[in-house]
Amino acid sequence: MSKHLSAEQRAELEMLMLTRQRELTRQINAHHDGGHRSEHAREVLLQDGDDAPQRDADREVDFALSDMETAELAALKAAQARMAEGLDGHYGRCTDCGADIPFARLKLEPQALRCVKCETARERGGPRHASL
């Protein structure tokens, strides 16, 4: 973990990650009514109604939301694992340029892998490594 984070900041980030992880787990379970994704998809397909195109669109939105929630949950778990590695781990450091990720950014997105500059470049399709 980057040394730029104090023990209090690390504790706050851990709490934020745990809280968001619980929230996502509840959302995923509620979204699927406690079942598996395949069961949920079958239920959506079998719903009564004459509007098959709308059901297809609803199903696609359902799957997209579920995929986003699942991906965020996995990213949070990976961030927790990086944080657990301790001071020699990579949590809090940009994976592209190696710079410290500011605490303010980590508070907003504790699973962040990149600093704002590198993430912006990545989203724009720019170079993989931003210059310091």
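Numbers here are sequence positions counted from 1.
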Taking R114 for its side chain and A121 for its backbone only, find out whether a donor-acceptor pair lies under 3.5 Å.
no
Do M83 and L24 sit in the same hydrophobic cluster, where Ile, Leu, Val, Met, Phe, Trp and Tyr count as joined when their side-chain heavy atoms come under 4.5 Å apart?
yes
Whether E14 and R10 form a salt bridge (side-chain N of Lys/Arg under 4.0 Å from carboxylate O of Asp/Glu) is what I want to check.
no
L76 vs R20, side chain to side chain contact (heavy atoms under 4.5 Å, CB included): CA-CA, chis, key distance, verdict:
CA-CA 8 Å; L76 284 166; R20 182 64 180 149; 3.5 Å; yes
Are L16 and L5 co-members of a hydrophobic cluster defined by side-chain heavy atoms under 4.5 Å apart?
yes
Are Q80 and Q111 linked by a side-chain donor-acceptor pair shorter than 3.5 Å?
no
For D96 and L113, what are the C-alpha separation, side-chain angles and deciding distance, and is it a side chain to side chain contact (heavy atoms under 4.5 Å, CB included)?
CA-CA 8 Å; D96 288 357; L113 293 172; over 6 Å; no
Under 4.5 Å between any side-chain heavy atoms of K107 and Q9, yes or no?
no
Spatial distance of atom CD (E109) from atom CE (M17) [nearest 0.5 Å]:
11.5 Å
Identify the heavy atoms of L106 and G92 that sit nearest to each other, and give their distance.
CD1-CA, 4.0 Å
Mind checking whether F103 and H4 have side chains closer than 4.5 Å, heavy atoms only?
no
Salt bridge (charged side-chain N to carboxylate O under 4.0 Å, His left out) filter on K77, not counting sequence neighbours, yields none
Which atom of C115 lies closest to which atom of C94, heavy atoms considered
N-SG, 3.4 Å
Can you find a heavy atom in the side chain of I101 that is under 4.5 Å from one in the side chain of Y91?
no
